[in-house]
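Reading through the structure tokens given below for one structure.
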There are 2 protein chains.
Amino acid sequence: MRESWLMKNRLKVLRAEYNLSQADLATRLEVSRQTVNAIETEKYDPSLPLAFKIASVFDLKIEEIFTP
Amino acid sequence: MRESWLMKNRLKVLRAEYNLSQADLATRLEVSRQTVNAIETEKYDPSLPLAFKIASVFDLKIEEIFTP
DNA sequence: TCCGAATGTAAAGGTTGCTTGTCTTAATGT
DNA sequence: ACATTAAGACAAGCAACCTTTACATTCGGA
């Protein structure tokens, strides 16, 4: 295992604000629902490109969504 | 093979500004020299945690270093 | 209560990120 | 000429990210 200090994120809250299901968000991000779920429940971090996509969906900077 | 739209980055320029070798930067980031080289020559994207580390070394936002 | 939507979890498999090790080449200085 | 440093490249191996498929659980509304 990597030393995995996994990042914290505000995905769940943001999803709620935008009234999106995990499946909705997955569709917008062009990833699977399970991937959204895994990131949200902090099983693993998104890749950098995916983090950019997430940020663009919510019109925020990456740093406003993810924190170390 | 992925359709690899790899991100662009300004690592090489930033390294020059800070007068750091790839090895120096690698030490600060706690990754291998080859990893720094591969990211700089855009063989692959850094992970999100590594992107955060890179941003903190140069005191910039991720978006100011990497662009899709 | 029952149904459907949303969520959580898991296994198996492919791709990407990162490692160590090695080799080559260019630039610089002595 | 020689040594040193920086950088680029490649390969093998492992860890992390992401996929599909599948099944279980939770929850709100009719």
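No experiment lies behind these values; they were computed from the predicted model shown. Quick note on labels: first sequence line is chain A, next is B, and so on, each numbered from 1.
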Contact letters for nucleotides 22-30 of chain C, in which S counts primed atoms plus P, OP1 and OP2 and B counts the base, heavy atoms under 4.0 Å: B--------
Between P of D:dA15 and CG of A:Asp45, the distance in whole Å: 17 Å
Nucleotide D:dT19, atom P - distance to CG of A:Leu50 in whole Å: 8 Å
Joint hydrophobic cluster, B:Leu60 plus B:Val57, side-chain heavy atoms closer than 4.5 Å: yes
Phosphate OP1/OP2 of D:dC18: any A:Ser47 side-chain N/O under 4.0 Å: yes
Distance test, side-chain N/O of B:Lys12 to OP1/OP2 of D:dG8, below 4.0 Å: yes
Distance, rounded to the nearest Å, where B:Lys43 contributes NZ and C:dG17 contributes P: 13 Å
Check against side chain to side chain donor-acceptor pair (under 3.5 Å), A:Asp24 and A:Ser21: CA-CA 5 Å; A:Asp24 291 335; A:Ser21 68; 3.1 Å; yes
B:Glu42 side chain vs B:Leu6 backbone, donor-acceptor pair below 3.5 Å: no
Basic-acidic side-chain contact under 4.0 Å: A:Glu40, A:Arg15: yes
B:Thr27 side chain vs B:Ala23 backbone, donor-acceptor pair below 3.5 Å: yes
Ion pair A:Arg10/A:Glu64, N-O distance below 4.0 Å: no
Sorted by number, the residues of residues 21-32 of chain A with heavy-atom contact under 4.0 Å to DNA chain D: A:Glu30, A:Val31, A:Ser32
Phosphate OP1/OP2 of C:dG8 contacted by A:Asn37 side-chain N/O (<4.0 Å): yes
Length of the CD-C1' vector between B:Glu42 and C:dT16, whole Å: 16 Å
Closest non-hydrogen atom pair between B:Phe52 and A:Ile62, with its separation: CE1-CG2, 3.9 Å
Base versus backbone protein contacts along nucleotides 25-30 of chain D [heavy-atom cut-off under 4.0 Å; B, S, -]: ------
Whole-Å distance separating the CG atom of A:Asn19 from the C1' atom of C:dA5: 13 Å
Length of the CD-P vector between A:Glu40 and C:dT9, whole Å: 12 Å
Donor-acceptor contact below 3.5 Å, side chain B:Lys8 vs main chain B:Thr67: no
Co-membership, hydrophobic cluster, residues B:Val36 and B:Tyr18, 4.5 Å side-chain: yes
A:Tyr44 OH - C:dC18 P separation (whole Å): 16 Å
Reported CG-to-OG distance for the pair B:Asp45 and A:Ser47, which is rounded to 0.5 angstrom: 7.5 Å
Rounded distance in Å - CD1 (A:Ile54) to C1' (D:dC18): 12 Å
Backbone N/O of A:Asn37 and side chain of A:Thr41: donor-acceptor pair under 3.5 Å: yes
